[in-house]
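The structure appears below as structure tokens.
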Amino acid sequence: MECAFLSKRCFVVGMGPGKESQMTKEAVSVIEQVDYVVGYPVYVELLKKAFPEKEYGSTPMRKEKERCQLALSEAAKGKDVAVICSGDAGIYGMAGLVLELQKDYPEVEVEIVPGITAAVSGAAVLGAPLMHDFAVISMSDLLTPWEKIEKRLRFASEADFVICLYNPCSKKRADYLKKACDIMLESKTDDTVCGYVRQIGREGQEAEILTLKELREARVDMFTTVFIGNSQTEIRNGKMVTKRGYRL
Ligand code: SAH
């Protein structure tokens, strides 16, 4: 029987890069309020430390649809549910998928709670690389054909955007960063200032500033976000800075 007083809410929450101080107050208050939290196992483990009393569920990588369905079906039963994502929920996160699947659970209300995405938190570690127009490109070809990724890299590079790469590597795609650098080297110079940050806001955070030629040889993993400067990007006092054009 339908119970009118049951809340049936599903929040899709961006948790920020990792540390609690980089979660928004809204994200914290939603997690405090909900009955059930669903996410990718790594993020569930991170969150359990801060909110040990919650009920948790998870599904592995490539079971994102099942994760969102689990969340929506629990919400349909009357629980308040949060689907958690790293960074921002609407940037390569679960927000879109939950909204698409909502058609099968019309009684559930969906709310998106924004978070600090890796481009933003990683930029702050490196300095100020995103001071001018920038493009964010995911190198994952699980859901996007590689030809399209190449085209986006080539055009963003030709247009002198600062470029921020997500998902720069996985076991199956070990040489993709090298391929991407070769494409960008068609229109950017060898000494273009680049940087990468690994495990932003988490234990073991590491950052490196290097040239595009050096980036081509760099070994990065899937917990890394990569930044390629534009023609105005420089190193100032050890930080990566894209000049906006102020006269000094
Ligand atoms: N929704 C996330 C992105 C998920 S895609 C966000 O808005 O940040 C996964 C990719 O994001 C990773 O491969 C990596 O490139 C980047 N990323 C997410 N969290 C990160 C972190 N803490 N440190 C470094 N890179 C991170």
Side-chain angles (χ1 to χ4, degrees), residues 11-24 26-27 30 37-47 49-50 58-64 67-68 71 82-99 112-127 129-130 134-144 146 149 152-153 156 162-177 179-181 194-209 215 218-228 240:
F11 298 88
V12 194
V13 184
M15 308 292 299
K19 61 179 165 189
E20 218 184 315
S21 59
Q22 290 186 343
M23 265 174 84
T24 66
E26 190 180 358
V30 165
V37 179
V38 185
Y40 176 61
V42 175
Y43 304 127
V44 163
E45 286 313 310
L46 280 172
L47 204 63
K49 291 183 193 152
S58 64
T59 67
M61 186 129 54
R62 304 218 188 177
K63 293 283 177 205
E64 287 81 11
R67 190 180 310 151
C68 296
V83 181
I84 54 162
C85 307
S86 73
D88 181 74
I91 300 182
Y92 314 122
M94 294 293 110
L97 189 50
V98 171
L99 286 171
I112 315 297
V113 179
I116 302 181
T117 188
V120 169
S121 53
V125 174
L126 292 171
L130 306 182
F134 64 96
V136 174
I137 300 175
S138 167
M139 303 257 293
S140 169
D141 60 356
L142 284 178
L143 303 170
T144 308
W146 175 250
I149 298 172
R152 288 177 176 166
L153 284 166
V162 175
I163 298 174
C164 180
L165 300 178
Y166 281 50
N167 298 301
C169 183
S170 75
K171 280 184 197 120
K172 284 194 189 145
R173 301 180 280 116
D175 63 337
Y176 276 32
L177 182 60
K179 282 195 198 171
C181 288
C194 299
Y196 62 80
V197 194
R198 189 171 176 272
Q199 300 286 18
I200 304 161
R202 301 181 189 156
E203 226 179 277
Q205 176 181 295
E206 291 170 63
E208 183 82 34
I209 293 180
L215 181 67
R219 296 183 67 85
V220 298
D221 63 13
M222 61 182 287
F223 302 105
T224 307
T225 301
V226 178
F227 297 78
I228 297 98
M240 181 175 178

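For ligands, and for the atoms within them, numbers begin at 1 and follow the listed sequence.
Residues Q199 and E206 form no side-chain contact, since every pair of their non-hydrogen atoms from C-beta on lies 4.5 Å or further apart.
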Apply side chain to side chain contact (heavy atoms under 4.5 Å, CB included) to the pair L97 and V83, showing each step before the final yes or no.
CA-CA 11 Å; L97 189 50; V83 181; over 6 Å; no

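Side-chain contact, Y92 with S140: no donor N or O sits under 3.5 Å from an acceptor N or O.
Within 4.0 Å of ligand 1, the residues that place a heavy atom are P17, S86, G87, D88, I91, Y92, T117, A118, Y166, N167, P168, V197, Q199, I200, R202, M222, F223, T224, T225, listed by chain and number.
The nearest pair of heavy atoms linking L126 to E208 is CD2-O, 3.9 Å. Between A174 and C169, the shortest heavy-atom distance links the atoms CA-SG, 4.1 Å.
Rounded to the nearest 0.5 Å, atoms CZ (R67) and CZ (R62) are 13.0 Å apart.
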